[in-house]
Trainee: 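I'd like to ask some things about the structure below.
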Amino acid sequence: MAEYAEVRGDSIVRFLGISDDTYQMWISTNNPKGSIYRPVENDVYPEINENQAIDIDYIIQPDKVIRLYIVRNKTPDELRKVWTAYEFLTRFTQQERSALRAASDTDDLVADFSQLLTAAQEVISDDPITVQAMDYLVYAGYITNDRKNQILDIT
């Protein structure tokens, strides 16, 4: 079975599987189905990174339909990550968590972030408090910028 598009006017109504033999019979006998159903040809599927997404569009031609894959940058909503407080804390290494617990005794900003994490139902990667806290952990030397990006799943 090959994929065919049912085309009515300038619109694709649906996609379905039709045997190539059946389609060729429609073409050879001038059956109207030969012009309504058109084989779908896929464009080259692109390689993308984590910050990109693929949208699909179609070009309707008299003898076929071409499926196009269009690369675009993900929206902020698509890039957003959400974790439970537990899931977020486990993104830190055991050594990093231990250092942050010890820092909570002497660093009010680390203590505040730790308290907010305790109360949080979820941690959102692009929430201003999360971003500010993670930037502070880098600034204060508790974690590196690379680790911050790994923890927040930023590539």
Trainee: For a 4.5 angstrom cut-off between non-hydrogen side-chain atoms, does L137 reach V110?
Mentor: yes
Trainee: Nearest 0.5 Å please: distance from the NZ atom of K64 over to the CD1 atom of I66.
Mentor: 4.5 Å
Trainee: Kindly work out whether a path of hydrophobic side-chain contacts (I/L/V/M/F/W/Y, heavy atoms less than 4.5 Å apart) joins L116 to Y86.
Mentor: no
Trainee: Can you tell me how far apart CD (E6) and CD1 (I12) are? Round to the nearest 0.5 Å.
Mentor: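 Nearest 0.5 Å value for the CD-CD1 distance: 10.5 Å.
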Trainee: Backbone N or O of Q24 within a donor-acceptor pair of the S28 side chain at under 3.5 Å?
Mentor: yes
Trainee: Is the number of heavy atoms from other residues, nucleotides or ligands within 6.0 Å of CG (D63) greater than 12?
Mentor: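 Atom CG in D63 is crowded, with more than 12 foreign heavy atoms closer than 6.0 Å.
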Trainee: How many angstroms lie between CD1 in I70 and CG in L68, if you round to the nearest 0.5 Å?
Mentor: 5.5 Å
Trainee: Counting only heavy atoms not in Q52, do more than 12 sit closer than 6.0 Å to its CD atom?
Mentor: yes
Trainee: If hydrophobic clusters are built by linking Ile, Leu, Val, Met, Phe, Trp and Tyr wherever their side-chain heavy atoms come under 4.5 Å apart, do I59 and V44 end up in the same one?
Mentor: no
Trainee: Could you pull out the closest heavy-atom pair between A5 and V40, with the gap in Å?
Mentor: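 Answer, listing the atom of A5 first, then V40: N-CG2, 3.7 Å.
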Trainee: Does I54 have more than 12 heavy atoms from other residues, nucleotides or ligands lying within 6.0 Å of its CD1?
Mentor: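 Yes, enclosed.
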Trainee: Can you tell me how far apart OH (Y142) and CG (L109) are? Round to the nearest 0.5 Å.
Mentor: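 Nearest 0.5 Å value for the OH-CG distance: 8.5 Å.
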Trainee: With ILVMFWY side chains joined below 4.5 Å, transitively, what does I18's cluster contain besides itself?
Mentor: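 Once heavy-atom contacts under 4.5 Å are chained together, I18 belongs with Y4, L16, Y23, M25, W26, I27, I36, Y37.
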Trainee: Can you tell me how far CZ of R14 sits from CZ of R8, rounded to the nearest 0.5 angstrom?
Mentor: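 One gets 8.0 Å once the value is rounded to the nearest 0.5 Å.
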Trainee: Using a strict threshold of under 4.0 Å (side-chain N to carboxylate O), is an ion pair present between R72 and E78?
Mentor: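 Salt bridge: yes.
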Trainee: Nearest 0.5 Å, what's the OG1-CD distance between T93 and Q150?
Mentor: 10.0 Å
Trainee: Verify side chain to side chain donor-acceptor pair (under 3.5 Å) between N42 and Y69, making sure each step is shown before the conclusion.
Mentor: CA-CA 8 Å; N42 288 310; Y69 300 103; 3.2 Å; yes
Trainee: Under a 4.5 Å side-chain heavy-atom rule over Ile, Leu, Val, Met, Phe, Trp and Tyr, are F92 and Y139 clustered together?
Mentor: yes
Trainee: Indicate, with yes or no, if L89 and I143 share a hydrophobic cluster defined by side-chain heavy-atom contacts under 4.5 Å among Ile, Leu, Val, Met, Phe, Trp and Tyr.
Mentor: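 As far as the 4.5 Å side-chain criterion goes, L89 and I143 are connected within one cluster.
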Trainee: Looking at F15, does the NZ or CZ of R67 lie under 6.0 angstrom from its six-membered ring centre and within 45 degrees of the ring axis?
Mentor: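 Yes - R67 lies over the ring of F15, closer than 6.0 Å to its centre and within 45° of its axis.
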Trainee: Donor-acceptor pair, K74 side chain versus E50 backbone, under 3.5 Å?
Mentor: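 Side chain of K74 to backbone of E50, a donor-acceptor pair under 3.5 Å: yes, one is there.
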Trainee: Sorted by first residue and then second, give each side chain to side chain donor-acceptor pair (under 3.5 Å) pair with at least one member in residues 113-129; sequence neighbours left out.
Mentor: R80-D126, S104-S114
Trainee: Determine, step by step, whether I60 and R38 satisfy the side-chain contact (heavy atoms from CB on, under 4.5 Å) criterion, reporting the C-alpha distance in whole Å, the side-chain angles of both residues, the deciding distance to 0.1 Å, and the verdict.
Mentor: CA-CA 9 Å; I60 300 172; R38 299 176 196 174; 3.0 Å; yes
Trainee: side-chain contact (heavy atoms from CB on, under 4.5 Å) for V65 and V7? Distances and angles first, verdict last.
Mentor: CA-CA 9 Å; V65 170; V7 178; 3.9 Å; yes
Trainee: Which heavy atom of I151 sits nearest a heavy atom of M134, and at what distance?
Mentor: CG2-CE, 3.8 Å
Trainee: Go through the steps to decide whether D112 and Y136 satisfy the test side chain to side chain donor-acceptor pair (under 3.5 Å), and finish with yes or no.
Mentor: CA-CA 12 Å; D112 183 55; Y136 177 75; over 6 Å; no
